[in-house]
Structures are given as C-alpha cells and as structure tokens.
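Structure first, commentary second.
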Amino acid sequence: MADVSALVHDEIALVKVELRQDVKRALFGSGAVAGALVLAFFAMPMFSMAAAYVIHALGLGLAWSFLIVAGAYVLVAVLLGLIAYGRFKKVKKPERSIESAKQTAAVMKGAKPHPRPLESGTSLDKATAKRALPGADENSGKDAGKDKDAVRDSAPDSMAGSGKAADLKM
C-alpha cells in the first residue's frame, strides 16, 4: 500500500508540473487577448479622434481620415489575436502523465496481493472477542483464535489471499 501511495503521489506531482507550464502559456495568451480588448475598448475612441484630425490636416477628407484610423486599430487587434491564438495552440495535454498512468495501470492489472500473516491485535481479533458469550471462561480466548481461522477460511477469495488486516475489518 505504501508503494501504491507513493506512486499515486508521484503521478500527481508530474501532472502538477505539466499543468503548471500549460497554465503559464494560457495565462500569457489570455493576457494578450485582454490587452487587445483593452486597446480596442479604451484607446480606440481617443486616439481615433486625434489621428483622424491629424490625417485630415494633411489634406484628406475627414471621412477617409476616420476610416484609415479605424483600419489601423483593427489591424493591431487582429495581430494581437493571432499572437494569442499561437500561444493557445502551444498548450498541450499532459502527455507524460497520461503515458505514465497507462503504464501504472497495466502493471497494477497484473499485480496480485502479497499474502501477509495476520498480526495479533487486529480488528479481526477485536471482532471475534465481541462475539464471545458474556459468561465465557478464560478458555474462550483459545476458541476465538479458532474462530479467527474459521472467519479467514470463509472469507471471499479476494480477501482470503491478501490476509491484510485492513481488508478483513468488520
């Protein structure tokens, strides 16, 4: 059980490392999207007016000046969107963790529990002691040991082979 627990903790640590890298990439892409939206929302009206009037002062009509400025901002927003798309595209699933989990599952399918002897003081001993009759004498402890063997022998196949105290709790 300790080996399985350590294996599970190692798998979780591997997933955390891989996901942390992908989260950083996704956050950077999200920041680019947020920058594009902030630029489009707040800066466009203010700079558009100023730029359009500067272009108009150069001799173009006022309508053409506003169209040129709007087109420039749309171009900047598209570029930021493409940068964000490129960053999001680099986000991958945790391939090493998935492969490691598949290998672990394949090994665990073929593993059989190792039979271990029952130790005294287990929950099985406590359960058999509770079954003892109230008027039983000191020899009932010996009978309880026999009862423990009978319970172990009558246990289902999945429990009988392991002999672990945790599997035999009542």
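Sequence positions, counted from 1, serve as the residue numbers for this chain. Bear in mind the structure is a predicted one, so any value in this text is a computation, not a measurement.
- Residues that satisfy the side chain to side chain donor-acceptor pair (under 3.5 Å) test with Ser48, not counting sequence neighbours, are absent from this structure.
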Please set out all donor-acceptor pairs under 3.5 angstrom arising from side-chain atoms of residues 55-63, sequence neighbours excluded.
{"unit_1": "His56", "atom_1": "ND1", "unit_2": "Leu60", "atom_2": "O", "d": "2.9"}
{"unit_1": "His56", "atom_1": "ND1", "unit_2": "Leu62", "atom_2": "N", "d": "3.4"}

Without placing hydrogens or testing angles, list every side-chain donor-acceptor pair under 3.5 Å for residues 23-41, not counting sequence neighbours.
{"unit_1": "Arg25", "atom_1": "NH1", "unit_2": "Asp22", "atom_2": "OD1", "d": "3.0"}
{"unit_1": "Ser30", "atom_1": "OG", "unit_2": "Ala26", "atom_2": "O", "d": "2.9"}

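- No side-chain donor-acceptor contact under 3.5 Å links Glu18 to the backbone of Lys93.
- With sequence neighbours excluded, no residue forms a side chain to side chain donor-acceptor pair (under 3.5 Å) with Gln21.
- In this structure Lys89 satisfies the side chain to side chain contact (heavy atoms under 4.5 Å, CB included) test together with Tyr85, sequence neighbours excluded.
- Listed here is the closest heavy atom pair of Met49 and Tyr53: O-CD1, 2.9 Å.
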Return all side-chain donor-acceptor pairs below 3.5 angstrom for residues 8-16, not counting sequence neighbours, or 'none' if the list is empty.
{"unit_1": "Glu11", "atom_1": "OE1", "unit_2": "Ser100", "atom_2": "OG", "d": "3.2"}
{"unit_1": "Glu11", "atom_1": "OE2", "unit_2": "Ser100", "atom_2": "OG", "d": "2.6"}
{"unit_1": "Glu11", "atom_1": "OE2", "unit_2": "Thr104", "atom_2": "OG1", "d": "3.3"}

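- The hydrophobic cluster of Ile98 has no other members, since no ILVMFWY side-chain heavy atom comes under 4.5 Å of it.
- Applying the salt bridge (Lys or Arg N to Asp or Glu O under 4.0 Å) test to every pair with at least one member in residues 61-87, sequence neighbours left out, gives no pairs at all.
- When the side chain to side chain contact (heavy atoms under 4.5 Å, CB included) test is applied to Val78, the partners found at least two apart in sequence or on another chain are Val74, Leu82.
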